[in-house]
Amino acid sequence: MQGYLKLQEAEEELYEVDVPEKPSDNWLKQVSYFLTCSYLKLVVKIKKWLHIITVKEIYLGLIFILPIANLEKNGQRQLKKCIQKVKRLMKKYHVQQIVLAEELRINEMFLQEFQSNRKVEEQVHILDGTGMMPYLVKDIVEFISQKQGRTPELEDLYLLIKKEDYSYKDNIVFLAQHFKTVNIVTTSLKAYQKFAKQLEEEQDIIVTVTNNKKKSLKRARWIINFDLMTQEIQKYTINRNATIIYLNKQGIYEQNNFEGLHICRAGIDVSQEIKDFFEKQHLLNQCSLTILYESTIEKGKSFRKVIEGIQKDKVKVKRLYGRRGILAEKEYANIE
């Protein structure tokens with residue numbers, strides 16, 4: 001089950017029923033309207049006093065609304081009392097992954113309490129936007145190339161890969177169709193050499209496969225780290241001016257003399273239809289659009305199907321995040 005956890009934006013969000021329109025002609029209806037509103041306002045006061053979480057169902061999952069409008073005004077104390085109730089509700093509804101309001105996602109106290117006293121297998125996966133990265137490599141290269149006045153179709157990509165994976169292979173085929181060359185740098189040499197041979201024979205797609213730690217990445221301008229950890233990527237000699245796109249959270253290349261770009265996350269824009277949906281649920285103002293869109297991707301869906309959905313939903317890269325936040329325009333120019 002998919003969950004969304006947010007702060008209240010208006011008291012009306014905590015109502016359990018829709019508020020009828022105020023009548024203008026019939027006095028009996030006006031009295032009924034007044035009594036209904038008074039009752040709902042009383043419910044809101046009780047919810048705030050007892051720290052009751054409002055649960056609303058949408059077709060993507062469940063929205064959990066905290067009876068807190070602002071964390072800065074005594075919100076931290078209230079938040080602690082709400083966390084345990086949220087955890088019980090998520091266990092009740094079998095919530096496996098969740099989107100957090102940005103104010104909660106960056107709150108250290110909340111995150112510590114939220115995942116405390118849970119076994120590893122019981123911990124809820126908190127979406128952070130990195131799940132979008134495997135599907136955005138082409139768009140990211142095009143986004144940066146445009147800023148640097150380069151032609152993306154003429155670029156050579158170098159893919160750092162450790163394990164053999166079907167989604168990786170689909171991604172490789174997709175990238176090979178849009179760039180000059182795709183070069184796989186991997187410890188799984190036999191598996192990917194076999195895959196490269198199949199591509200050449202069946203689809204007339206040529207990719208190179210190597211694992212020379214000193215030479216493979218020495219002149220590479222574009223490096224996509226699929227799944228190597230930091231200690232593994234450190235073993236390679238890497239072009240100090242390369243752009244490294246990370247598809248995982250752990251494998252960050254760390255060298256003092258590295259002057260290239262680290263691309264850790266992307267900010268996206270989507271079709272107005274999708275934005276309108278999240279706006280209607282009062283999620284768009286509190287949650288990252290990238291994370292909200294990530295929550296729409298069905299678990300287990302093939303790479304190709306996700307790419308088709310992304311194209312249909314008009315997903316576009318609008319900004320990129322390095323290790324210290326949003327990359328400034330001058331950082332792209334420096335690499336050029």
Side-chain angles (χ1 to χ4, degrees), residues 128-163 168 171-172 174-176 178-188 192 207-268 288 290 315-336:
D128 62 1
T130 56
M132 287 295 299
M133 292 299 287
Y135 310 105
L136 297 176
V137 175
K138 170 181 172 290
D139 301 87
I140 290 170
V141 175
E142 290 175 347
F143 180 81
I144 298 174
S145 296
Q146 184 180 16
K147 290 183 177 296
Q148 296 177 344
R150 300 178 66 89
T151 305
E153 293 83 1
L154 300 179
E155 300 294 348
D156 303 309
L157 305 190
Y158 290 79
L159 318 182
L160 271 172
I161 299 175
K162 180 170 57 177
K163 67 178 182 179
Y168 290 2
N171 205 342
I172 292 166
F174 178 71
L175 295 173
H178 292 89
F179 296 99
K180 182 181 175 183
T181 67
V182 166
N183 308 276
I184 302 171
V185 182
T186 179
T187 53
S188 303
Y192 281 99
V207 300
T208 65
V209 182
T210 183
N211 194 39
N212 189 317
K213 292 182 171 60
K214 289 186 177 181
K215 296 182 180 180
S216 297
L217 304 174
K218 193 173 182 179
R219 292 183 175 83
R221 279 182 46 82
W222 298 95
I223 300 171
I224 294 88
N225 182 15
F226 275 66
D227 59 2
L228 268 64
M229 304 294 283
T230 295
Q231 63 270 24
E232 294 169 322
I233 194 174
Q234 296 290 99
K235 297 175 182 178
Y236 291 85
T237 300
I238 288 179
N239 176 7
R240 64 188 295 176
N241 294 311
T243 294
I244 307 178
I245 301 172
Y246 300 99
L247 307 192
N248 62 46
K249 303 176 190 178
Q250 291 82 20
I252 305 297
Y253 179 66
E254 296 177 351
Q255 285 292 343
N256 292 333
N257 66 345
F258 182 72
E259 298 176 355
L261 291 177
H262 296 282
I263 310 299
C264 302
R265 288 189 297 118
I268 65 170
S288 155
T290 304
V315 173
K316 292 185 180 297
V317 172
K318 302 297 289 184
R319 67 191 69 85
L320 295 173
Y321 295 80
R323 299 179 67 183
R324 298 175 183 84
I326 297 176
L327 292 175
E329 291 294 322
K330 64 179 182 180
E331 295 183 75
Y332 300 107
N334 289 342
I335 299 304
E336 181 190 2

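Since the model is a prediction, treat every value here as computed from it, not as a measurement. Start at 1 with the first residue, then count along the sequence. All heavy atoms count here, side chains included; hydrogens, waters and symmetry mates do not.
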Rounded to the nearest 0.5 angstrom, the CG-CD1 distance for Leu157 and Ile245 is 7.5 Å
Grab the two heavy atoms, one from Ile268 and one from Met132, that are nearest each other, plus how far apart they are. CD1-CE, 4.4 Å
Check whether any side-chain heavy atom of Lys215 sits under 4.5 Å from a side-chain heavy atom of Thr210, and report yes or no. no
Let me confirm one number: the NZ-CD distance from Lys180 to Glu153, rounded to the nearest 0.5 Å. 12.5 Å
Around atom CG of Asn256, are there more than 12 heavy atoms of other residues, nucleotides or ligands at under 6.0 Å? no
Gly131 and Pro134: which non-hydrogen atoms are nearest, and at how many Å? O-CD, 3.5 Å
Set of residues satisfying side-chain contact (heavy atoms from CB on, under 4.5 Å) with respect to Ser145, sequence neighbours excluded: Val141, Arg150, Pro152, Glu155, Trp222
In short, salt bridge (charged side-chain N to carboxylate O under 4.0 Å, His left out) pairs touching residues 130-144 with sequence neighbours left out are Lys138-Glu142
Taking atom CZ of Arg219 as the centre, does the number of heavy atoms from other residues, nucleotides or ligands within less than 6.0 Å exceed 12? no
Interatomic spacing from CD in Glu259 to CG in Asn239 - rounded to 0.5 Å: 10.0 Å
Side-chain contact test, heavy atoms from C-beta onward, threshold under 4.5 Å: evaluate it for Leu159 versus Leu175 and give yes or no. yes
Could you pull out all residues at least two apart from Phe143 that satisfy side-chain contact (heavy atoms from CB on, under 4.5 Å)? Lys147, Val317, Leu320, Tyr332
Within the 4.5 Å heavy-atom criterion, are Val137 and Leu247 side-chain neighbours or not? yes
Quick one: list whatever passes ring pair (Phe, Tyr, Trp, His ring centres under 6.0 Å) with Tyr246, sequence neighbours left out. His262
Please round to the nearest 0.5 Å and tell me the distance separating atom CG of Leu327 and atom OG1 of Thr243. 9.5 Å
In chain order, what residues pass the side-chain contact (heavy atoms from CB on, under 4.5 Å) check against Asn248, with sequence neighbours excluded? Asn225, Asp227, Gln250
Would you please name every residue forming a side-chain contact (heavy atoms from CB on, under 4.5 Å) with Asn183, sequence neighbours left out? Asp156, Tyr158, Thr181, Thr208
Rounded to the nearest 0.5 Å, what separates atom CD1 in Ile140 from atom CE in Met133? 3.5 Å
Contacts table for residues 231-238: side-chain donor-acceptor under 3.5 angstrom, sequence neighbours left out:
residue: Glu232; atom: OE1; partner: Lys162; partner atom: NZ; Å: 3.2
residue: Glu232; atom: OE1; partner: Met229; partner atom: N; Å: 2.7
residue: Glu232; atom: OE2; partner: Lys162; partner atom: NZ; Å: 3.3
residue: Gln234; atom: OE1; partner: Glu254; partner atom: N; Å: 2.8
residue: Gln234; atom: NE2; partner: Glu254; partner atom: O; Å: 2.7
residue: Tyr236; atom: OH; partner: Asn211; partner atom: OD1; Å: 2.5

Check Ile184 against Thr186 and note the closest heavy-atom contact, atom names and distance. CG2-CG2, 3.8 Å
Donor-acceptor pair, Ser288 side chain versus Thr290 backbone, under 3.5 Å? yes
Ring pair (Phe, Tyr, Trp, His ring centres under 6.0 Å) partners of Tyr168, counting only residues at least two apart: Phe226
Holding to salt bridge (charged side-chain N to carboxylate O under 4.0 Å, His left out), I want the full list of residues that pass it with Lys249, two or more places apart in sequence or in another chain. Asp128
Can you give me the closest heavy-atom contact between Cys264 and Thr130, atom names plus distance? O-CG2, 4.2 Å
